[in-house]
J.: 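Structure incoming, see below.
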Amino acid sequence: MAPTPVILDVDPGHDDALALMLACGAPELEVRAVTTVAGNVPLGKTTRNALRVLALIGRGDVPVGVGAEAPLARPLHTAENIHGESGLDGPELAEPTFAPDGRGAVRLMADLVEASAEPITLVPTGPLTNVATFLEEHPRLKNNISRIVLMGGSMGLGNTTPAAEFNVYVDPEAARIVFESGLPITMVGLDVTHEAGAGPEAIERLRALGPVGEVAAELVTFFAGTYRKVYGSDAPPIHDAVAVAAVVEPGILKTRPMRVEIECESQLTRGETICDLHGIWSRPPNAEVALELDREAFFEVLYRSLGELVA
Ligand code: RIB
Ligand code: CA
């Protein structure tokens, strides 16, 4: 099978960093580009972090497009309490050895999608600002997008407010544009990513993978510390890596088609993804929503993919 071409849209972020490593290590994927968005930390830092991770794993060949520094219609909300001031606190990472692509995120996405001989899968793991802007500015290129497999949303409780998951909370207007795009969407929400908690055993498995695994283990160790403080849990969920792993091996998820609407008006529940599990609204489904994760299979994809990387 030819590898699946993907573009990752990220806001590193510890779990984005592991998602980037997984994507670059997995032989089933061909990473055509990485685009950066403001989210966990401001854009300059998410971009620096994406470049540092790619430099660490020797992937300076992957073009990095710098995207939106703020949501479409709201001030930026960040998560230094989880990811630290740099957005990748924990291990010492060398400064980037290459510069971002001069075209910016949306132009880079458009050029690569237009030029691709086969449809591209978009894998956003941050706020959906860049993807929404791309879809709005280049609607005719939708026909060369195979699917959007996004980490975001929740059928149940949120993690940023009781109602909203971080990525959708930060830019609900962008999320609404993406979910109304008509493109095939797989929503990898907190319902399944909370099954991907990386505890001490996972950290040791990562550490045993060699130099890149050691950095991943240090990232998760830091992530575990802040996660424990904020959420009282010892095993931080590697949210974003689940979305990438689901492209590598779709069978790790059990999904169901349903209508998903995004709350943009309410002060109280802004960013909530309302998932019509039972079809009460009788509206056509607009997403495959992940209901269950095969946790063991996910971690095997993670370890196997990172094991392919050399620092
Ligand atoms: O809610 C978790 C998501 O928000 C993850 O993508 C994390 O990196 C943050 O972006
Ligand atoms: Ca993220």
Side-chain angles (χ1 to χ4, degrees), residues 6-23 34-43 45-50 53 67-71 76-84 86-90 105 122-131 148-172 174-175 178 186-198 216 219-220 222-224 226-227 230-231 233 235-247 262 270-273 289-290 293 298 302:
V6 296
I7 294 176
L8 274 69
D9 187 69
V10 296
D11 67 329
H14 290 68
D15 52 332
D16 300 78
L18 266 74
L20 275 174
M21 292 175 178
L22 195 165
V34 170
T35 51
T36 58
V37 65
N40 284 316
V41 286
L43 180 65
K45 293 180 178 177
T46 58
T47 301
R48 173 176 176 249
N49 292 338
V53 170
E69 61 184 352
L76 178 62
H77 173 88
T78 53
E80 287 85 352
N81 62 327
I82 298 288
H83 299 280
S86 74
L88 269 190
D89 282 17
L122 299 182
V123 188
T125 62
L128 289 160
T129 319
N130 291 340
V131 176
I148 298 176
V149 181
L150 61 91
M151 192 281 135
S154 171
M155 286 178 60
L157 293 175
N159 60 359
T160 303
T161 71
E165 175 279 325
F166 180 84
N167 290 333
V168 179
Y169 175 81
V170 169
D171 199 339
V178 172
T186 299
M187 180 180 121
V188 183
L190 297 179
D191 319 278
V192 294
T193 65
H194 279 162
E195 297 305 309
L219 286 169
V220 175
F222 177 88
F223 195 13
T226 55
Y227 216 81
V230 176
Y231 296 105
S233 156
I238 316 297
H239 304 282
D240 298 334
V242 177
V244 176
V247 184
I262 313 296
R270 149 247 172 120
E272 182 176 12
T273 45
V289 175
L293 171 70
F298 161 67
L302 179 70

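Whatever order the structure lists ligands and atoms in, that order sets their numbers, starting from 1.
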J.: Which angle, to 10 degrees, forms at the Ca ion (ligand 2) with OD2 of D240 on one side and O of T125 on the other?
T.: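 OD2 of D240, the Ca ion (ligand 2) and O of T125 span an angle of about 90°.
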J.: More than 12 heavy atoms of other residues, nucleotides or ligands under 6.0 Å from CD of E69: is that the case?
T.: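 Counting neighbours around CD of E69, 12 or fewer heavy atoms of other residues, nucleotides or ligands fall under 6.0 Å, so no.
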J.: Record the part of T193 in heavy-atom contact with ligand 1 below 4.0 Å; permitted values are side chain, backbone, both and neither.
T.: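 No part of T193 comes within reach of ligand 1.
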J.: What atoms of ligand 1 come within less than 4.0 Å of a heavy atom belonging to M151?
T.: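 The atoms of ligand 1 under 4.0 Å from a heavy atom of M151 are 2 (C), 3 (C), 5 (C), 6 (O).
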J.: Quick one: sort the H239 and Y227 rings into parallel, tilted or perpendicular, breaks at 30° and 60°.
T.: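 Tilted.
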J.: What atoms in ligand 1 come closer than 4.0 Å to a heavy atom of H239?
T.: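 Those atoms are 2 (C).
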J.: Would you mind running through ligand 1 and noting each atom that sits below 4.0 Å from a heavy atom of D15?
T.: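 Matching atoms, with element in brackets: 5 (C), 6 (O), 7 (C), 8 (O).
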J.: D191 and S154: side-chain contact (heavy atoms from CB on, under 4.5 Å), yes or no, with the steps?
T.: CA-CA 6 Å; D191 319 278; S154 171; 3.8 Å; yes
J.: Any sub-3.5 Å donor-acceptor pair from N40's side-chain atoms to D11's backbone N or O?
T.: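 Pair found, side chain donor or acceptor close to backbone of D11.
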J.: Using every non-hydrogen atom in the two residues, find where V168 and A175 come nearest and quote the distance to one decimal.
T.: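 Looks like CG1-CB, 3.8 Å.
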J.: Using a strict cut-off of 4.0 Å, indicate which atoms of ligand 1 neighbour a heavy atom of N159.
T.: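 The list of qualifying atoms is 1 (O), 2 (C).
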J.: Starting from atom 9 (C) of ligand 1, what is the nearest protein heavy atom, named by residue and atom, and what distance separates them?
T.: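 Ranking protein heavy atoms by distance from atom 9 (C) of ligand 1, first comes N40 OD1, 3.2 Å.
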J.: Could you list which atoms of ligand 1 come closer than 4.0 Å to a heavy atom of T125?
T.: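 Those qualifying, in numeric order: 6 (O), 10 (O).
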J.: If you define the side chain from C-beta out and look only at heavy atoms, does anything of M187 sit under 4.5 Å from T273?
T.: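 They are in side-chain contact.
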J.: Quick one: look up the protein heavy atom nearest atom 10 (O) of ligand 1 and list residue, atom name and how far away it is.
T.: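 Atom 10 (O) of ligand 1 sits closest to the protein heavy atom N167 OD1, 2.8 Å.
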J.: Answer with yes or no whether the side chains of N49 and T46 bring together a donor and an acceptor at under 3.5 Å.
T.: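 No, no side-chain donor-acceptor contact under 3.5 Å.
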J.: For the atoms OD1 of D11 and OD1 of D16, give the angle they form at the Ca ion (ligand 2), rounded to 10 degrees.
T.: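 Rounded to 10°, it measures 80°.
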J.: Over all heavy atoms of both residues, which pair between P71 and D171 is shortest? Give the atoms and the distance, please.
T.: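 That closest heavy-atom pairing would be CA-OD2, 3.2 Å.
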J.: For atom 1 (O) of ligand 1, find the nearest protein heavy atom and state the residue, atom name and distance (0.1 Å precision).
T.: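 Checked against all protein heavy atoms, atom 1 (O) of ligand 1 sits closest to E165 OE2, 2.6 Å.
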J.: Identify, by atom number and element, the atoms of ligand 1 in contact range of D16, meaning under 4.0 Å from any of its heavy atoms.
T.: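 Listed by number with element: 8 (O).
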J.: Is it the side chain (CB and beyond), the backbone, both or neither of T160 that lies under 4.0 Å from ligand 1, heavy atoms counted?
T.: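 The answer is neither; T160 stays 4.0 Å or more away.
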